[in-house]
Asks: 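The structure under discussion is supplied below as structure tokens; questions concerning it will follow.
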Amino acid sequence: VSRQLKEEIRRGFAGLEDPLAGLLAMLESSSDWKGKGHSLGYYITSELQLWIKEHPAGPQSGIQLKKLQARVLGILSQCPANLLDPLISIYQLHTADRNYLLEHVSHLYLKGSYKEAAILSMKLKLQPDQDVEKMCTPLLLQDKANMVEDYVGEYPELQSKLLQILDTWCEPSFNIRDITRPYQGLSRCKAEKFNRRTLSKLVFRLLDRFNVDPALCPNVINQRHLRTLNYLFYKRFVEKTMTEENWADHIQSTVGENRWLQGHLIQLLVRHCGERAAARWARHWGVPVDMLPPGLAEQLPEPHTQERIEEVTKADNYEDSKKKDYYQLPIPRENIHLLQTWEETLQCWEKVLQPGQVVGIDMEWKPSFGMVGKPRVALLQMAVKDEVFLLDLPRLLEQAEVEGEKEKLPRFMQKLYSDADITKLGYGMSGDLSSLAATCSALKDTEKQQHGVVDLLTVDKQVDGLSPEHSHEERGARQPEKGLSLLVQHVLGKPLDKTEQLSNWEKRPLREEQILYA
DNA sequence: ACGTGGTGCGACTTACACAA
DNA sequence: TTGTGTAAGTCGCACCACGT
């Protein structure tokens, strides 16, 4: 749009006695303002906004402005979105009578223009005087969670209130249909997608985004932990890829002192591994007798040392039988160093930071399993040609804290990642780095300035695309191996043993199996 | 289980040419 | 000059595959 047009517009304003009324007359007269984007109306309106800034007229007479405001509201409900801000500013709607504005918005709402009502409310900052539940429900049904986020974005009280409402929707006895029924006729309403699963996802997003106390949403938290329990049982008894020890550890930290979860755990135990094991766990927490399924209570006082031993040896045999079929690093055990002091670590760094060095990098952390917050790296592995270093990160960082040398690790990592003459080798390294950033806030921007990094995940993808003849010749049965393990199987003949992948990497001392896996 | 990063598809804008 | 219709570009979302 030419400068000419703008000048012409301005001349027009100067000629009018009351430009504000003039603009309204213009907008009203052309009834169909379907012109999206940069229409003439938009240009004129935004020019007027600038013009007013340059020619601050004295305060308008109150009554006259009120009349104009009444008229502009009629336009607001029809005009394109990009006119909203200029119009609100020009006619100073934020100074208008709130009750009047609220009434107008509620009119929009009753018309079924829920989105428009919400947008206008946000622009006019009307949220504190509105009912969060009423305003947000139709938006949520229309899958507009983002808008809901924005709607409560600046009001912590509304955030808490909204989260509490969402949590009550997740109560076991609550019927979500009660919420959706009034809005049945809603366009693109996805009532069937509106279940507890998506709700709890939303709740966690909001909890994270607004830093609200998770205790406000007990139902959602409980359900999340229950899902974790189900998953752990699946891993242990269906997929059979988790050892008794790792499984028990995760069960323990998921259930904790929560009676409700303890009850569910007992039921799962009865189903998957019999009443004796269930009774043992029930005893362990002192679960009240009336919470137990009938028939289980009698087994409580039973001595259980014998079964325990039995079970552990069974697990051991199960381990041994499988172990030989997996690939193992051809590095003698004495060249695998677990580093727990800075003195040893500095020696390791000296070897790693050689020009031209090639170093393999990987990290381990405790699986999140529904815990809030991002995981912290518990072990940092680095390998050169025939030596492996395992850095006990929690311990080293703690020591550095005491000695006031917090920058030690970040400085090393920066140097390592930015040096193009040192090749960093890994598999799916972006995940490692993001966990590392959560562990050590000084390393947030390491990702941007990295040189000499080779990620075998991407290499694998490219090579795999060129030579697809591997896959279906060997056997009709699909290989369960995937990811790095599959790659190792292709290149080195045998897959990897991933049993320790989901173990508790924060627990010390590390078990020998964990060290070998690392 | 969760978190992340990449991918593909559809919805939604934006840009532009053209007819009225 | 305006509004319309089509083409191109963005954005967002669901999905998958992988990590712990």
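Residue numbers begin at 1 in each chain, while the letters A, B, ... track the order of the sequences. It should be emphasised that the depicted structure is a prediction, and the values quoted were computed from it without experimental measurement.
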Asks: Is A:Glu149 paired with A:Arg205 through a side-chain N to carboxylate O contact shorter than 4.0 Å?
Replies: yes
Asks: Report, one pair per line, the protein and nucleotides 15-20 of chain C atoms (nitrogen or oxygen only) whose separation is under 3.5 Å.
Replies:
residue, atom, partner, partner atom, Å
C:dG19, OP1, A:Leu484, N, 3.0
C:dT20, OP2, A:Gln501, NE2, 2.1
C:dT20, O3', A:Glu364, OE1, 2.8
C:dT20, O3', A:Trp365, N, 3.4
C:dT20, O3', A:Trp365, O, 3.2
C:dT20, O3', A:Gln501, O, 3.4
C:dT20, O3', A:Trp505, NE1, 3.3

Asks: Can you list the steps and then say if A:Phe389 with A:Trp349 is a ring pair (Phe, Tyr, Trp, His ring centres under 6.0 Å)?
Replies: CA-CA 10 Å; A:Phe389 304 97; A:Trp349 288 356; over 10 Å; no
Asks: Shorter than 3.5 Å, N or O on both sides, protein versus nucleotides 4-6 of chain B: list them out with atom names.
Replies:
residue, atom, partner, partner atom, Å
B:dT4, OP1, A:Lys374, NZ, 3.3

Asks: Taking side chain to side chain contact (heavy atoms under 4.5 Å, CB included) as the definition, give me every residue that meets it alongside A:Asp362, ordered by chain and number, with sequence neighbours left out.
Replies: A:Glu364, A:Gln381, A:Asp432
Asks: Do A:Asp455 and A:Thr458 have side-chain N/O donor and acceptor atoms under 3.5 Å apart?
Replies: no
Asks: How many Å lie between NZ on A:Lys201 and C1' on C:dC13, as a whole number?
Replies: 11 Å
Asks: Not counting sequence neighbours, which residues clear ring-ring contact (aromatic ring centres under 6.0 Å, His included) with A:Trp285? List them please.
Replies: A:Trp281
Asks: With sequence neighbours left out, write down each residue that passes salt bridge (charged side-chain N to carboxylate O under 4.0 Å, His left out) with A:Lys507, or none if nothing qualifies.
Replies: A:Asp249
Asks: Mind checking side chain to side chain contact (heavy atoms under 4.5 Å, CB included) for A:Pro375 and listing every partner two or more places apart, or none if nothing turns up?
Replies: A:Trp365, A:Ser435
Asks: Scan side-chain atoms only and decide if A:Ser121 and A:Gln127 contain a donor-acceptor pair under the 3.5 Å cut-off.
Replies: no
